[in-house]
Structures are given as structure tokens and as C-alpha cells.
> 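A single structure is presented below for examination.
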Amino acid sequence: MAKTAPIPGTSDIFADEVAEWRVLEDTARSIFSRYGYGELRTPVFERTEVFTRSLGDETDVVQKEMYSFEDRGGRNLTLRPEGTAGVMRALVNAGIPQGDERRVYYQGPMFRGERPAAGRKRQFHQVGVEAVGKVAAGIDAECIAMLMHYMEDLEITGCKLLLNSRGSAEDRAPVAAALHDYFAAHSDEMCDDCQRRLETNVSRIMDCKTEGCRGIIDQAPGVLELLKPESADYFAAVCADLDRLGIAYEIDPRLVRGLDYYVHTVFEVVFDGIGAQTALAGGGRYEITFPGQKRPVLGVGFAAGMERLLLAREACKVPAASVDQPDVFLVSLGDDAFDANFALAQQLRRNGLAVGMDLERRGMKPQMRAAGKSGAPYTVIRGEQELTDGVAVVKNMETGDQQPVPVTDLAAVLSTN
RNA sequence: GUGGGUGUAGCUCAGUUGGUUAGAGCGCCUGGUUGUGGCCCAGGAGGUCGCGGGUUCAAAUCUCGUCACUCACCCCA
């Protein structure tokens with residue numbers, strides 16, 4: 001059994017579960033297209049530098065979570081740990097005319113070598129969107145509204161939208177310096193982790209849950225107050241847009257995202273009840289500079305963890321999507337009827353019907369059991385008598401009513417029911 | 001990478017202070033006279049007790065190791 005188990009952190013997804021995945025995918029396509037986003041499918045692996053350059057060399061993802069390998073040509077490749085970098089690479093490669101904008105969404109597997117836990121896999125799936133190019137100021141709020149629209153249609157209730165700003169690229173150094181100064185002054189009161197973060201990633205300290213650090217964090221200078229006036233104005237405009245769209249949000253100065261490319265608006269949708277993980281989706285505005293490109297490419301987007309959306313829907317008691325079931329189940333009495341039904345099944349399928357049938361040539365009882373279990377609303381029964389009469393008995397499995405129907409009319413009769 | 005919990009039938013799990021043929025429910029198969037599912041009844045198939053050492057007359061049970069699953073830390077979707 002262990003030998004056939006999938007690699008740790010990966011899983012096999014069977015039909016009943018796939019039905020749930022389809023809900024996520026279909027809903028995404030339906031909603032995102034209304035906002036002008038079309039699907040983009042990019043490779044699951046890229047040159048490693050596509051990720052290291054855009055996510056940032058110092059981020060945890062790049063430092064210890066990437067599945068990297070060398071291919072036969074000696075190229076250093078990496079299984080994508082997130083979707084944005086590859087999407088941006090593809091759009092840049094395709095070329096975006098000056099002053100134009102591209103809107104795409106994507107969906108598919110991502111890979112990170114972390115220790116698996118509830119809502120965290122090594123091969124996990126994200127559905128995300130990116131608006132790239134000349135991203136107008138209004139896109140931040142529109143994009144967030146679309147995400148909340150998605151949550152709503154997925155019937156995920158009780159989730160919360162957190163909002164913050166990182167300021168512009170020019171804000172980053174001064175803000176980090178200010179935070180570093182503040183926390184350095186209190187370093188002796190902080191936990192070991194935060195002392196380490198002080199040197200590696202100051203902003204992460206804001207996330208610390210340790211009792212002793214909380215007091216210090218609460219007194220820390222707010223990131224928003226440290227921003228340049230233009231950046232603060234930008235953030236205020238995004239908030240005003242959200243108010244206009246009727247989107248509820250909570251400004252969380254402690255919200256930090258793990259990737260370096262974010263600027264200005266960052267947001268996260270959080271939900272309690274899927275283990276230790278709380279983030280269902282996250283995103284923001286970003287800038288990525290590719291080798292050979294003079295200017296950074298701008299974008300706004302988000303990604304949602306599909307496994308987590310599934311868990312959240314479960315926690316919200318959303319009824320499971322139904323799996324595909326046959327429209328009709330064929331039951332045969334005797335070898336002649338079996339042979340006739342074997343051919344009939346094929347014919348009905350060509351007429352667009354989903355047809356089930358027991359191929360074991362068993363007795364009628366097991367066939368009827370199989371018919372009932374299949375969930376087919378109708379059963380078609382044929383024996384010698386029906387064959388000579390050129391009819392088939394159509395049985396309604398719910399009411400138990402049955403009627404002889406000419407075989408030539410079967411497809412039509414079953415299709416209308 | 002660091003810790004905790006758990007590995008017994010296809011699934012969910014019992015298995016008493018180590019004791020010989022390892023159980024239940026669900027599911028599956030066959031029947032309950034002629035060609036009718038769900039309910040009920042009877043019977044049946046199915047297990048290297050995760051794997052490998054050790055202790056013992058005797059190990060599913062104790063011990064060590066290992067692997068897997070799982071939860072949490074870290075971090076994130």
C-alpha cells in the first residue's frame with residue numbers, strides 16, 4: 001500500500017472530488033470572464049531565474065521551497081512555486097503594446113517543498129488572475145471586488161478581507177529602516193524568532209504571535225504612517241474605491257506578504273476553520289523587472305489556494321456537488337437480450353445519453369442492484385419477449401412505473417425525460 | 001528541517017493484564033424457485049495486524065529502528 005501511495009504532499013483526486021474542483025474552475029471562468037479576464041495556460045516549469053528574480057532571492061519560497069533541477073541541456077529549471085512570475089514572463093514574451101493592458105486568469109498545480117499540513121500540500125493548486133501593463137488605479141479595487149464576488153459565489157461565508165499598503169518601491173528602504181530601528185531598540189524583549197527576523201526580514205516580525213512580542217508590535221510605528229504622501233494618497237484612493245463598490249475590508253497594518261515583488265496595495269482573504277492555515281487567497285499590486293527589460297512590468301492580481309477553498313466550502317457546509325450519473329441503465333434477460341443491449345448502449349451514447357450496463361452477464365437481480373446503485377433515473381429492461389415485440393420496458397426508478405416503448409423511440413423518449 | 005499523534009479487511013474502527021482459529025459495522029459477492037433495485041433474512045469472499053530487527057515458551061499487544069499518513073512550528077495559497 002505504501003508503495004502505491006502518491007508522493008508525500010501530493011494526492012490523487014477521484015471523480016467525486018473532481019466534481020468539487022469543477023465548481024471552483026467553472027465559477028472562476030464564469031466570474032472572471034465578466035471582468036474581462038481570459039484564461040492563460042503557461043508551462044508548469046520555467047527557468048529558475050524567472051522565479052528567483054521576481055519573487056526575491058531572500059524570500060522563503062526561493063530559499064528553501066523550490067523544486068529545482070537541471071535538465072539534459074544543463075538548464076536550471078524549477079517547478080513553478082506560484083503563478084504570477086510565469087504569467088508575467090509569458091505576457092512580456094508575447095509583447096504588450098505601450099499603454100495597453102492584458103487581463104488573464106490561470107489555474108493549475110504549483111509546487112513547494114514544504115512540510116504538508118492541513119490546507120498545505122507540496123503539489124497544490126491555485127486559481128489566480130493578473131491584470132498587466134497599464135494597470136489603472138481603479139484596478140486594485142476592481143480586482144479585489146472580483147475576488148470577493150468569487151468567494152460569494154462559492155458560498156464561502158465568514159471570510160474576511162484584510163488590506164494594507166507596502167508603499168512604492170521608494171518607500172521600501174525607509175520603511176524597513178524605520179521598523180528595524182524600532183525593533184532593534186526592543187530586541188532584548190523579543191522572541192528568538194523575531195531576533196532572527198530582525199536581520200532577515202523585518203516586516204515578518206509584524207506577524208509574530210508570541211505574547212511578549214505582541215505588545216512591542218502594537219506600539220510599533222504603523223507602516224501607513226511611514227509612507228510618502230503620494231503612497232498614502234494612493235492607498236486612500238483604493239479604500240475609497242472599495243467603499244464605492246460596497247466591499248467590506250479591514251485595514252491590517254500587520255499584513256505582510258511573502259514575496260518581494262509587491263508594491264502599494266496588498267490584501268488577503270482569511271478564514272478560520274481550515275487548520276492552522278488562514279489565508280484563502282492573497283494578492284496585490286506588483287512590479288517585476290525581467291532581464292533585458294528596461295522598465296519593470298506592472299500588474300495587479302491575486303491567487304487563491306484551491307485546496308483551501310475546498311476546505312472552506314466544507315467548513316461552510318456547502319452541499320457537495322453531485323457526481324455524474326448515467327441517464328439510463330440497461331438490464332438484459334438472456335444472452336440474446338444482452339447482445340442486443342450491448343449494441344443499444346453504444347447507439348444511445350451516440351445519441352448523447354449516458355448509459356450504464358452490467359457487462360458480467362449476471363442474473364436480473366444483480367443487474368437491478370447495479371442499476372439502482374448507479375443512480376440512473378431510468379432502467380431499460382429487455383428479455384426475449386421484448387426482443388420479438390421490438391420494444392423495451394422503460395422503468396422509472398423513483399416511482400417504479402414501467403412502460404413498454406418501441407426500441408426505435410427509445411433515444412427520443414429518454415432524452416426528453 | 002523540528003516536534004506530537006496514528007498505522008489491524010476496500011472504508012470507519014474494536015482487540016481486555018502479551019496466550020494459540022484476529023473481530024464488528026458499512027461495502028462487495030451468492031442465495032431467499034420462473035423476468036425487477038432500495039428494506040429485511042441467510043450464507044460467503046476478503047487481513048504479510050505498515051515494514052525490519054529485538055525481548056519471550058508465546059507479540060496486533062512490550063522494545064528499538066524505519067517508512068507512511070496526519071497535526072502543529074516555520075512560512076505561505
Side-chain angles (χ1 to χ4, degrees), chain A residues 1-11 24 55 58-65 80-84 107-128 147 191-194 196-197 200-201 203-204 207-210 255-259 267-271 274-283 301-312 329 331-334 337 356 358 360 362-387 393-402:
Chain A
M1 206 155 105
K3 283 181 199 135
T4 56
I7 297 295
T10 68
S11 47
L24 302 186
L55 309 193
E58 299 306 314
T59 57
D60 276 41
V61 172
V62 168
Q63 290 268 302
K64 50 186 192 187
E65 294 172 4
R80 63 184 183 193
E82 57 94 59
T84 303
Q107 166 263 312
M110 308 292 165
F111 307 84
R112 291 186 198 174
E114 296 181 284
R115 194 69 170 261
R120 195 172 63 212
K121 312 283 276 179
R122 288 185 173 169
Q123 174 175 335
F124 60 106
H125 298 74
Q126 288 188 335
V127 52
L147 172 58
C191 70
D192 293 347
D193 278 339
C194 285
R196 178 177 50 77
R197 289 178 181 126
T200 57
N201 196 342
S203 54
R204 279 249 85 85
D207 249 359
C208 187
K209 287 134 196 142
T210 312
L255 175 63
V256 173
R257 313 230 65 243
L259 310 175
F267 56 90
E268 205 164 276
V269 172
V270 295
F271 180 89
I274 53 172
Q277 271 59 243
T278 59
L280 289 183
F302 65 75
M306 298 179 78
E307 281 83 356
R308 292 184 187 179
L309 294 177
L310 255 21
L311 289 172
F329 199 94
V331 169
S332 334
L333 288 136
D358 180 22
E360 306 276 350
R362 295 188 292 180
M364 189 174 192
K365 188 167 203 147
Q367 287 187 66
M368 286 305 295
R369 282 216 182 109
K373 213 175 56 176
S374 77
Y378 293 94
T379 296
V380 164
I381 304 165
R382 288 207 290 178
E384 284 184 29
Q385 191 58 54
E386 287 74 17
L387 284 185
V393 173
V394 174
K395 172 166 182 166
N396 179 318
M397 292 300 273
E398 200 182 335
T399 64
D401 293 341
Q402 43 189 64

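Since the model is a prediction, treat every value here as computed from it, not as a measurement. Atom set for the values below is all heavy atoms of this structure, side chains included, hydrogens, waters and symmetry mates excluded.
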> Between C1' on B/A77 and CG on A/L55, what's the gap in Å once rounded to a whole number?
13 Å
> Quick check on RNA chain B: between A/P116 and A/R257, whose nearest nucleotide comes earlier from the 5' end?
A/P116
> Rounded to the nearest angstrom, tell me the gap between atom CD in A/E82 and atom C1' in B/C75.
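Those two atoms, CD and C1', are 15 Å apart.
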> Quick one: list whatever passes side chain to side chain contact (heavy atoms under 4.5 Å, CB included) with A/A117, sequence neighbours left out.
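A/A117 satisfies side chain to side chain contact (heavy atoms under 4.5 Å, CB included) with A/R120, A/Q277 only.
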> Could you tell me how far apart A/K121 (NZ) and B/U70 (C1') are, to the nearest whole angstrom?
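These atoms are roughly 10 Å apart.
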> Considering only the C1' atoms, how many Å lie between B/G35 and B/A24, rounded to the nearest integer?
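Per the computed distance, 37 Å lies between those C1' atoms.
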> From A/L147 CG over to A/F267 CZ, what is the distance, rounded to the nearest 0.5 angstrom?
6.0 Å
> In whole angstroms, how far is the C1' atom of B/C28 from the CD atom of A/Q367?
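Rounded to whole Å, this separation is 17 Å.
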> Using atom C1' of each nucleotide, how far apart are B/G15 and B/A22 to the nearest Å?
8 Å
> Show me the dot-bracket string of RNA chain B, counting Watson-Crick or G-U pairs under 3.5 Å, with | for pairs to another strand and [ ] for crossing ones.
(((((((..((((.....[...)))).(((((.......))))).....(((((..]....))))))))))))....
> For RNA chain B, which residues of residues 302-310 of chain A approach it to below 4.0 angstrom with any heavy atom?
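The stretch gives A/A303, A/G305, A/R308 as the residues lying under 4.0 Å from the strand, ordered by number.
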> Nearest 0.5 Å please: distance from the CG atom of A/D358 over to the CE atom of A/M364.
12.0 Å
> Report all interatomic pairs (protein N or O, nucleotide N or O of nucleotides 35-42 of chain B) with separations under 3.5 Å.
{"unit_1": "B/G35", "atom_1": "N1", "unit_2": "A/E386", "atom_2": "OE1", "d": "3.1"}
{"unit_1": "B/G35", "atom_1": "N1", "unit_2": "A/E386", "atom_2": "OE2", "d": "3.1"}
{"unit_1": "B/G35", "atom_1": "N2", "unit_2": "A/E386", "atom_2": "OE2", "d": "3.1"}
{"unit_1": "B/U36", "atom_1": "O2", "unit_2": "A/K395", "atom_2": "NZ", "d": "3.0"}
{"unit_1": "B/U36", "atom_1": "N3", "unit_2": "A/Q402", "atom_2": "OE1", "d": "3.1"}
{"unit_1": "B/U36", "atom_1": "N3", "unit_2": "A/Q402", "atom_2": "NE2", "d": "3.2"}
{"unit_1": "B/U36", "atom_1": "O4", "unit_2": "A/Q402", "atom_2": "NE2", "d": "2.8"}
{"unit_1": "B/G37", "atom_1": "O4'", "unit_2": "A/M368", "atom_2": "O", "d": "3.4"}
{"unit_1": "B/G37", "atom_1": "N7", "unit_2": "A/K395", "atom_2": "NZ", "d": "3.3"}
{"unit_1": "B/G37", "atom_1": "O6", "unit_2": "A/M397", "atom_2": "O", "d": "3.3"}
{"unit_1": "B/G37", "atom_1": "N1", "unit_2": "A/M397", "atom_2": "O", "d": "2.4"}
{"unit_1": "B/G37", "atom_1": "N2", "unit_2": "A/M397", "atom_2": "O", "d": "3.2"}

> Extract from the structure each pairing of a protein N or O with an N or O of nucleotides 1-3 of chain B at less than 3.5 Å, listing the distance.
{"unit_1": "B/U2", "atom_1": "O4", "unit_2": "A/R115", "atom_2": "NH1", "d": "2.7"}

> Please list all pairs passing the side-chain hydrogen bond (donor to acceptor under 3.5 Å, both in side chains) test where one or both residues lie in residues 363-382 of chain A, with sequence neighbours left out.
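Those involving residues 363-382 of chain A are A/N341-A/R382.
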> Which atom names give the shortest non-hydrogen contact between A/Q126 and A/E82, and what distance separates them?
OE1-CA, 4.1 Å
> Measuring only the P atom in each nucleotide, how far is B/A60 from B/U55? A whole number of Å is fine.
16 Å
> What integer number of Å spans the C1' atoms of B/G50 and B/C67?
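Approximately 8 Å lies between the C1' atom of B/G50 and that of B/C67.
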> List in chain and number order the residues that pass side-chain hydrogen bond (donor to acceptor under 3.5 Å, both in side chains) with A/Q385, two or more places apart in sequence or in another chain; answer none if no residue qualifies.
A/D389
> Looking only at atom C1', what distance separates B/U66 and B/G19, rounded to whole Å?
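My reading of the C1' atoms in B/U66 and B/G19 gives 29 Å.
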> Taking B/G10 as the reference, what is the distance to B/U6 when you measure between their P atoms (whole Å, please)?
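Here B/U6 and B/G10 have their P atoms 23 Å from each other.
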> Measuring only the C1' atom in each nucleotide, how far is B/C57 from B/C73? A whole number of Å is fine.
47 Å
> Measure from the side-chain heavy atoms of A/P366 and tell me the nearest of B/U30, B/A72, B/A77.
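That would be B/U30.
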> Using the P atom as the point on both nucleotides, what is the distance between B/U20 and B/A58, in whole Å?
15 Å
> Which residues satisfy the side chain to side chain contact (heavy atoms under 4.5 Å, CB included) test with A/V393, sequence neighbours excluded?
A/I381, A/E386, A/Q402
> How is A/G334 classified with respect to the nucleic acid when contacts are heavy atoms under 4.0 Å: base, sugar-phosphate, or nothing?
nothing
> Checking A/S11 now: which residues fulfil side chain to side chain contact (heavy atoms under 4.5 Å, CB included) with it, not counting sequence neighbours?
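Partners of A/S11 by the side chain to side chain contact (heavy atoms under 4.5 Å, CB included) criterion, ordered by chain and then number, come out as A/K121.
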> Taking only distance into account, with no hydrogens and no angle test, what donor-acceptor pairs under 3.5 Å do side-chain atoms of residues 301-310 of chain A form with protein atoms, sequence neighbours excluded?
{"unit_1": "A/E307", "atom_1": "OE1", "unit_2": "A/H125", "atom_2": "N", "d": "2.9"}
{"unit_1": "A/E307", "atom_1": "OE2", "unit_2": "A/H125", "atom_2": "N", "d": "3.4"}
{"unit_1": "A/E307", "atom_1": "OE2", "unit_2": "A/H125", "atom_2": "ND1", "d": "2.8"}
{"unit_1": "A/R308", "atom_1": "NE", "unit_2": "A/G119", "atom_2": "O", "d": "2.7"}
{"unit_1": "A/R308", "atom_1": "NH1", "unit_2": "A/A279", "atom_2": "O", "d": "2.9"}
{"unit_1": "A/R308", "atom_1": "NH2", "unit_2": "A/G119", "atom_2": "O", "d": "3.2"}

> After noting the C-alpha distance and the side-chain angles of A/L280 and A/I274, does the key distance pass the side chain to side chain contact (heavy atoms under 4.5 Å, CB included) rule?
CA-CA 9 Å; A/L280 289 183; A/I274 53 172; 3.8 Å; yes
> Tell me: NZ of A/K64 to C1' of B/C73, nearest whole Å?
11 Å
> Using atom types as modelled, flag every donor-acceptor pair under 3.5 Å from a side chain in residues 107-116 of chain A to any protein atom, sequence neighbours excluded.
{"unit_1": "A/R112", "atom_1": "NE", "unit_2": "A/P81", "atom_2": "O", "d": "2.8"}
{"unit_1": "A/R112", "atom_1": "NH2", "unit_2": "A/P81", "atom_2": "O", "d": "3.0"}

> Can you tell me how far P of B/A77 sits from CZ of A/F111, to the nearest Å?
17 Å
> I'd like to check the side chain to side chain contact (heavy atoms under 4.5 Å, CB included) partners of A/E398; sequence neighbours left out, ordered by chain and number.
A/N396
> If every non-hydrogen atom of A/S332 is compared with every non-hydrogen atom of A/A337, which pair is closest and at what distance?
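Between these two residues, the closest heavy atoms are CB-C, 3.7 Å.
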> Quick one: A/I274 CD1 to B/U70 C1', roughly how many Å, whole number?
16 Å
> Could you check if a side-chain atom of A/V394 sits within less than 4.5 angstrom of a side-chain atom of A/D401, using non-hydrogen atoms only?
no
